[in-house]
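Scroll down for the structure; my scribbles are underneath it.
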Amino acid sequence: MRRRRPVRIAPSILSADFGHLARDVAAVEEAGADWIHVDVMDGHFVPNLTIGPGVTAAVRSATSLPVDVHLMIEQPQRWIEAFADAGADWITVHHEACPHLHRVVEQIRDAGARPGVAVNPATPVEVLRDILPDIDLVLVMSVNPGFGGQRFIEGAPDRVRRVRELASRVRSTPLPALQVDGGVAAGSAPAVVAAGADCLVAGSAVYGHPGGAAGGMAALREAVESVPEPGEVRA
């Protein structure tokens, strides 16, 4: 059985204690996190209001890990430079929020960050076909965005599989990172990894674990460590 490439885990600070943010970021870094995921919500594109560039800058100052910013906001093009200046290494925008998606992707790269595109659970993954050659990350939402702690949508692994197949057909290697966000825990992670995901965003499964952040990270690692690499898809 061929083993897959390493799976990155990106704990979401949405589930951290914002009164002790630096402590909670340090805790997941010490526990072996690969990235720190920052969920930005505007109360318009999604029904919740979270954080802005200031908190992103605070995260940047608290860690040496890549900072992965997920913009769940309307008109994200207005905020790209601010989040890049705050220290974002990766910036992901939603397909649904960007009528001029190629332009926004170019804006992210010009700002010095690596671009990603997210799709909501009801958005056909085929909308990514024309943008896949230009991006470094695809984020498949496995809940409807807006709140942490939601139940994982069971159809997500199939969507991940279809994104991987599509990416294999429309671009040469390396393939973009394939990230999953929403309801990711030890029970759901193996299915999305088997389908081709190589980056897991987890909030409550890490910060809400009975064993603390270290216990949550360990549970996720153990859950996916023996999942094999999906079969390669040929064009």
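These values consider heavy atoms only, across backbone and side chains, with no hydrogens, waters or symmetry-generated copies.
With V138 as reference, L132 is the one residue of L132, I131, V125, L166 to meet the side-chain contact (heavy atoms from CB on, under 4.5 Å) rule. If you run side chain to side chain donor-acceptor pair (under 3.5 Å) between T123 and each of H95, E96, R159, only E96 comes through.
Shortest non-hydrogen contact noted between V192 and P157 is CG1-CG, 4.0 Å. Across F147 and L14, no two heavy atoms sit closer than the pair C-CD2, 4.4 Å. Scanning all heavy atoms of the two residues, the minimum distance from V93 to P76 falls at CG1-CB, 3.8 Å. The minimum heavy-atom distance between A205 and V184, with the atom names listed, is CB-O, 3.3 Å. Contact between H209 and A219 at its shortest, heavy atoms only, is NE2-CB, 3.9 Å. Considering every non-hydrogen atom in both D34 and P66, the closest pair reads O-CD, 3.3 Å.
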- Task: Run the numbers on V160 and V193 for side chain to side chain contact (heavy atoms under 4.5 Å, CB included), then give the verdict.
- Result: CA-CA 9 Å; V160 171; V193 170; over 6 Å; no
- Message: Walk me through whether D68 and Q179 qualify under side-chain hydrogen bond (donor to acceptor under 3.5 Å, both in side chains).
- Response: CA-CA 11 Å; D68 170 33; Q179 188 177 74; 2.9 Å; yes
- Message: Could you go through S12 and D39, starting from their C-alpha distance and side-chain angles, then the distance that decides it, and tell me whether this counts as side-chain hydrogen bond (donor to acceptor under 3.5 Å, both in side chains)?
- Response: CA-CA 7 Å; S12 171; D39 285 309; 2.6 Å; yes
- Message: Assess the residue pair I80 and I91 against the criterion (side chain to side chain contact (heavy atoms under 4.5 Å, CB included)); give the C-alpha distance rounded to whole Å, side-chain angles, the decisive distance to 0.1 Å, and a yes or no.
- Response: CA-CA 8 Å; I80 300 301; I91 298 178; 4.0 Å; yes
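More than 12 heavy atoms of other residues, nucleotides or ligands sit less than 6.0 Å from atom CZ of R23. The 12-atom threshold is not exceeded at CD of E30, counting heavy atoms of other residues, nucleotides or ligands nearer than 6.0 Å.
Taking CD1 from I13 and OG1 from T63, the interatomic distance works out to 11.0 Å, rounded to the nearest 0.5 Å. Atom OG1 of T92 sits about 10.5 Å away from atom CE of M141, to the nearest 0.5 Å. Once rounded to the nearest 0.5 Å, the distance linking OG of S142 with CG of N120 reads 11.0 Å.
R114 has a carboxylate O that lies under 4.0 Å from a charged side-chain N of D136, or vice versa, which qualifies the two as a salt bridge. Checked for salt-bridge contact, D134 and R109 miss the test: no charged N lies under 4.0 Å from a carboxylate O.
Q107 places a side-chain N or O within 3.5 Å of a backbone atom of Q77 that can act as its donor or acceptor partner. Side chain of D42 to backbone of E74: a donor-acceptor contact under 3.5 angstrom is found. Judged by distance alone, the side chain of D198 and the main-chain N or O of L178 form a donor-acceptor pair under 3.5 Å.
Legend: ring-ring contact (aromatic ring centres under 6.0 Å, His included) pairs involving residues 20-45, not counting sequence neighbours, sorted by first then second residue: W35-W90, H37-H70, F45-H94.
With sequence neighbours left out, the side-chain contact (heavy atoms from CB on, under 4.5 Å) criterion links E154 to F152. Residues passing the side-chain contact (heavy atoms from CB on, under 4.5 Å) test with A27, sequence neighbours excluded: A213.
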